[in-house]
Amino acid sequence: MESGTIPAETIPGALDLGATLESGQSYFWNRADGRMYDGEDSRGESPWYWTVHRDEVIRVRQSGGGVEWESTTDAEPALRDLLGLEDDLDAIIEATPSDELIDAAYESYRGLRIVRDPFFPCLISFICSAQMRVARIFAMQTALREAYGEAIETDGETYHAFPTPAQLAAASEADLRELKLGYRAPYVQRTAEMVADGEADPADAEGLPYEEARKYLTQFVGVGEKVADCVLLFSLGYLEAVPLDTWIRSTIEEHFPECDRGSYAETSRAIRERLGGQYAGYSQTYLFHYLRNGGGD
DNA sequence: ATCCAGGATGTAT
DNA sequence: ATACATCATGGA
């Protein structure tokens with residue numbers, strides 16, 4: 001077992017691991033204590049989070065402005081990518097147009113970073129996200145891991161990796177409905193099959209211009225424009241992607257009504273420009289987290 | 001009970 | 001292209 005710390009001085013800008021991992025952008029990490037995020041509890045011990053990445057358990061927790069980690073091999077390079085630690089947060093905020101609401105969101109949760117989750121878990125989790133609350137999306141991913149993912153023993157504890165495309169493709173729709181996925185069950189099964197069979201490959205999307213990449217991802221079953229934007233933003237590094245979910249739509253209606261252009265594509269372009277263009281997804285994610293926790297009321 | 005949650009799909013217009 | 005009903009589940 002190796003361990004180490006990624007010091008704050010090597011991270012451009014602040015880091016808030018709790019906000020990053022429990023803001024509803026990632027379902028790839030799990031709190032070891034099983035509790036849910038409470039934006040208030042900055043007191044006491046920082047909670048540990050774990051995931052299974054490339055067949056290895058990685059555990060992390062906040063340490064000052066940095067990250068303390070444990071794994072079987074050096075996890076720092078992977079964590080720098082997965083947790084968005086290379087993003088120059090100060091520069092991103094500096095490049096964002098000033099606005100009362102946006103500024104309040106950035107100030108409230110400074111240190112929240114956009115994750116780069118592995119593609120397949122991210123894709124499946126956001127297919128599951130349709131008409132679901134954050135807590136239940138986490139529950140669905142846990143159910144999928146424990147039912148179909150490889151079990152890994154580390155330090156006398158059992159961790160389950162997220163299932164591979166082939167493992168999920170082998171499940172039946174009925175199996176997945178038993179895990180309470182509801183009408184998303186066939187979407188998950190068919191998309192897992194598409195990925196397992198190589199019908200569509202995320203590697204083909206990665207080089208594409210943003211809107212073409214979004215179009216590419218909608219070929220997966222259960223993936224519309226909104227879910228595609230989530231995958232582009234939270235997995236593939238398209239920081240300009242602005243997922244138009246119910247929260248941001250109501251914000252557009254109340255706060256940026258001139259950006260409502262009717263269609264998803266046109267409204268997306270308008271709000272993307274209003275939020276600063278290339279890093280618009282950062283603002284969207286801060287706003288989502290801020291509003292969902294009662295900010296702006 | 002009714003409404004809603006990080007929406008997508010199939011069908012009719 | 002856009003409008004609408006339908007799709008499960010659980011918490012408020």
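By convention in this document, chain letters (A, B, ...) are assigned in the order of the sequence lines, proteins followed by strands, and residues within each chain are numbered from 1.
When the options A:Leu112, A:Asp117, A:Leu233, A:Val134 are evaluated for a side-chain contact (heavy atoms from CB on, under 4.5 Å) with A:Gln25, the one that passes is A:Leu112.
Using a 4.0 Å heavy-atom distance criterion, A:Phe220 is classed as a sugar-phosphate-only contact. Base engagement by A:Gly24 is indicated by at least one non-hydrogen atom pair under 4.0 Å involving a base atom.
One donor-acceptor pair, N or O on each side, does fall under 3.5 Å between the base of B:dG7 and the side chain of A:Tyr183. A donor-acceptor contact under 3.5 Å links the side chain of A:Arg133 to the base of B:dC4.
Taking atom P on both nucleotides, B:dT11 is separated from C:dA8 by 15 Å, rounded to a whole Å. Taking atom P in both B:dC3 and C:dA5, one finds a spacing of 14 Å when rounded to whole Å. The separation of B:dT9 from C:dG10, taken at their C1' atoms, amounts to 23 Å, rounded to a whole angstrom.
Nucleotide C:dA8 holds its P atom 13 Å from the CG atom of A:Leu176, rounded to whole Å. With rounding to whole Å, A:Arg249 atom CZ is found 12 Å from B:dA5 atom P. Taking atom CE of residue A:Met132 and atom C1' of nucleotide B:dA5, one finds them 7 Å apart after rounding to whole Å. Atom P of nucleotide C:dC7 and atom CD of A:Glu173 are separated by 13 Å, given to the nearest angstrom. Taking atom CD1 of A:Ile124 as the reference point, atom P of B:dA8 lies 14 Å away to the nearest angstrom. Atom pair A:Arg292:CZ and C:dG11:C1' shows a separation of 14 Å (rounding to whole Å applied). Rounded to whole Å, atom P of B:dG10 lies 7 Å from atom CZ of A:Arg190. Between the CZ atom of A:Phe138 and the C1' atom of B:dA5 there is a distance of 15 Å, given to the nearest Å.
Base pairing of C:dG10: its partner is B:dC4, meeting the Watson-Crick or G-U wobble criterion (both donor-acceptor distances under 3.5 Å).
Defined by atom type and a distance below 3.5 Å, a donor-acceptor pair is present between the side-chain atoms of A:Asp87 and A:Tyr282.
At a threshold of 4.5 Å between non-hydrogen side-chain atoms, the residues A:Arg59 and A:Ser71 do not count as touching.
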Would A:Glu193 and A:Arg190 count as a salt bridge (charged side-chain N to carboxylate O under 4.0 Å, His left out) if you check the C-alpha gap in whole Å, the side-chain angles of each, and the deciding distance to 0.1 Å? CA-CA 5 Å; A:Glu193 220 165 37; A:Arg190 292 175 61 191; over 6 Å; no
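For A:Phe126 and A:Tyr27, the ring centers are positioned less than 6.0 Å apart.
Applying the 4.0 Å criterion to OP1 and OP2 of B:dA5, one finds that A:Gln131 has every side-chain N and O outside that range. Proximity of A:Ser129 to the phosphate of B:dG7: no side-chain N or O atom is located under 4.0 Å from OP1 or OP2.
Interatomic distance, CD of A:Gln62 versus CD of A:Glu45, reported as 12.5 Å (0.5 Å rounding).
When each of A:Gly222 and A:Ile248 is assigned the nucleotide of DNA chain B with its nearest heavy atom, A:Ile248 is the one assigned upstream, toward the 5' end.
Proximity note for A:Ser263 (side chain, C-beta onward) versus C:dA8, C:dT2, B:dG7: the nearest is C:dT2. The side chain of A:Arg177 lies closest to C:dA8 when the candidates are B:dA5, C:dT9, C:dA8. Comparing atom distances between the A:Arg136 side chain and each of C:dG10, C:dA8, B:dA8 picks out C:dG10 as nearest.
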